Amino acid sequence: IKPTATCTMEHDPPQSDVFKQGSLLKWTNYMQGFRERWFVLAKGVLSYYRTREEMEQSCRGTLVLRDARIVTEIGNNFVIYTGSKTDPQNFHLRAHSEIERQDWVTALELAKHQSQRTKATPSVTHLLPETEALLQRGNLSMLDDSASDDEWSEDEHVTGTSATNSLAQRLSQVQSAHETLVGCSACLQHGTGLASDPALLAAQAAELQHSAGALLAASNEYMAEMTAFQKRWQRLLRLNDNKRKQLEETLESLAKDKLQLQRSATRASRRGRSFPAQEGEISDDEFFDPDDDDASGSAGPDDDADFCDALEQQASNEARAAATIASAGAVLPVENVSRRSVIPPRPQSSVSLWGIMKNCIGKDLSKIPMPVNFNEPLCFTQRLTEDLEYSEVLDAAAELATSQERMVFVAAFTVSSFASLVNRTGKPFNPLLGETFELDRRAERGYRAIVEQVSHHPPICCLHAESDKWIFWQEFSMLSKFRGAYLEVVPTGITHLIFKESGDHYTWTKVPTYIHNIIVGKLWVEQAGDMEIKNHTTGDTCQLKYAAYSYFSSAAQRQVTGKVKDCAGKAHFDIQGTWDNTIGYVPAGAKAPVQTAWAKGPPLAHADKMYGFSRMAITLNEQTATEHGCAPTDSRFRPDKNQMEVAEWDKANQTKHLLEEAQRRRRKAMEAAQQVWRPVWFALQDDPVVPGRRVHVYKVCEGREVGLWQTHERQMRAVLRGRGVF
């Protein structure tokens, strides 16, 4: 309940001093609400009584207007704030009509300004100099905020709340001056309350002039406050940025201390073991720059890719490779085989990712040497074939009648390639130069594919896949940077797709991938950006937008939207869904049920303990009868990856080190002999749809499609027999 203001007037004012009087509703308390009271305005003081007859007695409360602030509110309400620190009083009032409220506000503003002039300079001729002084003070306030960062202490920081309140107060002054100006203008135009009194007319004209000056001055002061707070906020941002950098340095120091303690503890418990790359025993010195050719004896990078005879010392691997070649038949078997759904669970690792990557901010990811602790037991040649996990979407697209419908399913297929990555944060092994991978899914899916690492600077991996209905190939390359808080992977290669019956030729480039919480927290992956799919045969296009994660957005996360348009730009279908679950479509602009173009399959049981692998990914290392006859350069036979899969991480680190040392020696030998590496299964040719671009395309033996894979197998036995790999 608001306290009742005490009356400071011993007697009611004489009628000659009364400027305005009348009935208003005044807020009393929450029980009674607004109650009608009689108000009298005289000599810059507003008094109120319970009734008009009570004026002969003492008033119930007064409010001095000289420092008051008058604010209008919704409806016919207005509030008078005293502005006094010693005796703060507020009158919450309500007029009976909008016109009555405006009359009262105008009268109160006039009385307020008269009271201020009486206290300061009563002459009307001093109004304009007073306005000029206000303007000068407003301009000076903009220049008065030039203190240096060193002089800006934390005690002087203005919080967002105080800044907002100050600006709101300035804006209220502008609004109040504007309302006074409007009221004075109305009085002069309509002669309200003027009668035939020239003195009152002169006073109101003077108030109009004063209100105009006050409005201009208040506006300038408001802008001055805005400028001042902008400068202060800029200083605050600089200070916060400095604090953030200090915090990062502290985190780095703590990470170093933790690694030193781990290394000391491990050495104390494992004396006599010479190989440095043990779990929990990784230091900065144990991972050298991959471009340093003199760093022999250190664990090398798996991006120094050269598919070489890395494990000549291991006779068992050589015997296996020879047996594989000898057992190769003319045609790979296509029997439907039973494939596995379980691999050994991932061991718990105590190696700090930040301890390894903290000095690699801004570098290319492929040039960051890392132990197998942060890998998954697959090579990138294998992961690239996971784009075909939902190849049935392409089979369905090939059967559709119109090119726009086919475009919808092609778009859904491009999205499906990201579905298995949502819970996978492990880094695939970087392929060695010349490493291959064959995938025969003719029995289950009707296609087969071959992948080869054709270059290592820059790293380029090529895939070619065929079925009875389509041909799919891509030259995959990427730019990867570690940004400190997250990892950014930007694909740069182009993917091609051709439907054999219609002849439609599609191309697209994948959207960037971001891996967050590198320093602290749980790693998570997102795809964000724009993708254009183009049908070079018909001119149809599809624009897909992968929405980035937003803490403030209420929309579904991992959302994908897009439109399919024909060559004339007319929209035919709207695409919607999420890249980790399903993609649907509806006719453009129609309110129809969403039809499904692709849906993610059910996950494996306990997939989170098996590197987050999908049903396809978990079979890519498997060696069944279908895989007999694969080249010895096949990723399935890479020993460090296979040792990691069975949880022998110490051996995997040692083998990885030996592989990279051997391929480094091979690279030096090729450079000394001035030899140039040439891929076995792919050749550099002009891109069929992008003028001026050279891409690696799968070799066609003398222009014949028939017998292509048989030729490939004969070449495999003849050419690769002497390229002992593992």
Side-chain angles (χ1 to χ4, degrees), residues 343 346 353 365-366 370 374-391 393 411-431 437 439 449 451 459 461 463 465 472 474 476-483 486-493 495 508-518 521-531 544-549 556-560 577-583 598-604 606-621 635 641 644-645:
I343 60 173
R346 176 190 177 98
L353 180 59
L365 175 63
S366 63
M370 298 175 65
F374 305 108
N375 285 52
E376 63 180 18
L378 287 177
C379 288
F380 193 80
T381 51
Q382 296 169 300
R383 175 176 279 194
L384 200 59
T385 62
E386 292 186 57
D387 288 1
L388 297 166
E389 181 166 7
Y390 296 95
S391 61
V393 179
F413 172 76
T414 66
V415 176
S416 71
S417 64
F418 299 111
S420 66
L421 305 182
V422 63
N423 295 317
R424 288 168 64 179
T425 56
K427 174 181 176 291
F429 282 74
N430 288 339
F437 180 68
L439 186 68
V451 187
C461 194
L463 177 147
F472 174 85
Q474 62 176 307
F476 186 88
S477 57
M478 64 182 182
L479 299 175
S480 53
K481 295 290 184 180
F482 176 48
R483 303 296 186 183
Y486 64 92
L487 196 66
E488 178 184 21
V489 180
V490 182
T492 58
T495 303
W508 66 88
T509 298
K510 294 181 178 179
V511 295
T513 298
Y514 300 89
I515 303 176
H516 297 272
N517 291 346
I518 297 295
K522 183 179 179 180
L523 294 176
W524 60 278
V525 180
E526 76 165 337
Q527 321 293 329
D530 297 326
M531 173 192 289
L544 291 180
K545 181 176 182 59
Y546 290 69
Y549 170 79
Q557 300 301 326
R558 309 184 182 100
Q559 194 172 55
V560 180
T578 58
W579 57 263
D580 67 325
N581 189 19
T582 183
I583 289 295
W598 162 76
K600 184 180 179 180
L604 288 170
H606 309 294
D608 58 322
K609 297 180 180 179
M610 297 183 292
Y611 307 90
F613 280 173
S614 65
R615 293 182 178 274
M616 178 180 181
I618 208 167
T619 67
L620 296 180
N621 274 337
S635 297
K641 170 185 59 62
M644 179 190 178
E645 183 180 279

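What you see is a predicted model, and the numbers here were worked out from it, not measured in a lab. Both backbone and side-chain heavy atoms feed into the values below; hydrogens, waters and symmetry mates do not.
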Is the shortest heavy-atom distance from the side chain of [X] to the side chain of [Y] under 4.5 Å?
X: T385; Y: M616; result: yes
X: K641; Y: C379; result: yes
X: K427; Y: F374; result: no
X: V560; Y: I583; result: yes
X: F613; Y: E376; result: yes
X: Y611; Y: I618; result: no

Taking side chain to side chain donor-acceptor pair (under 3.5 Å) as the test, write out the residues that go with [X], two or more places apart.
X: E386; result: S420, R424
X: T513; result: Q527
X: S417; result: none
X: T619; result: R441

Spacing of [X] atom [atom1] and [Y] atom [atom2] [to the nearest 0.5 Å]:
X: T414; Y: K510; atom1: OG1; atom2: NZ; answer: 9.5 Å
X: W598; Y: T582; atom1: CH2; atom2: OG1; answer: 6.5 Å
X: T425; Y: I515; atom1: OG1; atom2: CD1; answer: 7.5 Å
X: E645; Y: N621; atom1: CD; atom2: CG; answer: 4.5 Å

For this session: Take F476 and F380 through the ring-ring contact (aromatic ring centres under 6.0 Å, His included) test and state the conclusion after the steps.
Result: CA-CA 10 Å; F476 186 88; F380 193 80; 5.1 Å; yes
For this session: Mind checking side chain to side chain contact (heavy atoms under 4.5 Å, CB included) for D580 and listing every partner two or more places apart, or none if nothing turns up?
Result: V422, R558, T578
Exercise. Between F418 and Y546, does the ring centre distance come in under 6.0 Å?
Worked result: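 Yes: the rings meet the under 6.0 Å criterion.
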Problem set entry | T492 side chain vs S477 backbone, donor-acceptor pair below 3.5 Å |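 Checked: pair present.
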For this session: Mark yes or no for whether T495, through its side chain, and T509, through its backbone, hold a donor-acceptor pair below 3.5 Å.
Result: no
Measure across [X] and [Y] and return the closest heavy-atom pair with its distance rounded to 0.1 Å.
X: V511; Y: A528; value: CB-O, 4.1 Å
X: G601; Y: Y390; value: N-OH, 3.0 Å
X: P603; Y: R615; value: O-NH2, 3.5 Å
X: S614; Y: L604; value: O-CD1, 3.6 Å
X: A465; Y: L388; value: CB-CD1, 3.6 Å
X: A412; Y: V393; value: CB-CG1, 4.4 Å

Exercise. Is the Y486 ring parallel, tilted or perpendicular to the H516 ring (thresholds 30°, 60°)?
Worked result: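 Tilted: the ring planes of Y486 and H516 meet at 30° to 60°.
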For this session: Could you check whether the rings of F413 and W508 sit parallel, tilted or perpendicular, using 30° and 60° as the cut-offs?
Result: perpendicular
For this session: List in chain and number order the residues that pass ring pair (Phe, Tyr, Trp, His ring centres under 6.0 Å) with F437, two or more places apart in sequence or in another chain; answer none if no residue qualifies.
Result: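 Checked F437 against ring pair (Phe, Tyr, Trp, His ring centres under 6.0 Å); zero matches.
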For this session: Apply the test side chain to side chain contact (heavy atoms under 4.5 Å, CB included) to residues E389 and S416: give CA-CA distance (whole Å), side-chain angles for both, the deciding distance (0.1 Å), then the verdict.
Result: CA-CA 8 Å; E389 181 166 7; S416 71; over 6 Å; no
Problem set entry | Criterion side chain to side chain contact (heavy atoms under 4.5 Å, CB included) on L384 and Q474, from CA distance to verdict | CA-CA 9 Å; L384 200 59; Q474 62 176 307; 3.9 Å; yes
For this session: Mark yes when over 12 heavy atoms from residues, nucleotides or ligands other than N581 sit less than 6.0 Å from its CG; otherwise mark no.
Result: yes
For this session: Verify side chain to side chain contact (heavy atoms under 4.5 Å, CB included) between T381 and C461, making sure each step is shown before the conclusion.
Result: CA-CA 7 Å; T381 51; C461 194; 3.7 Å; yes
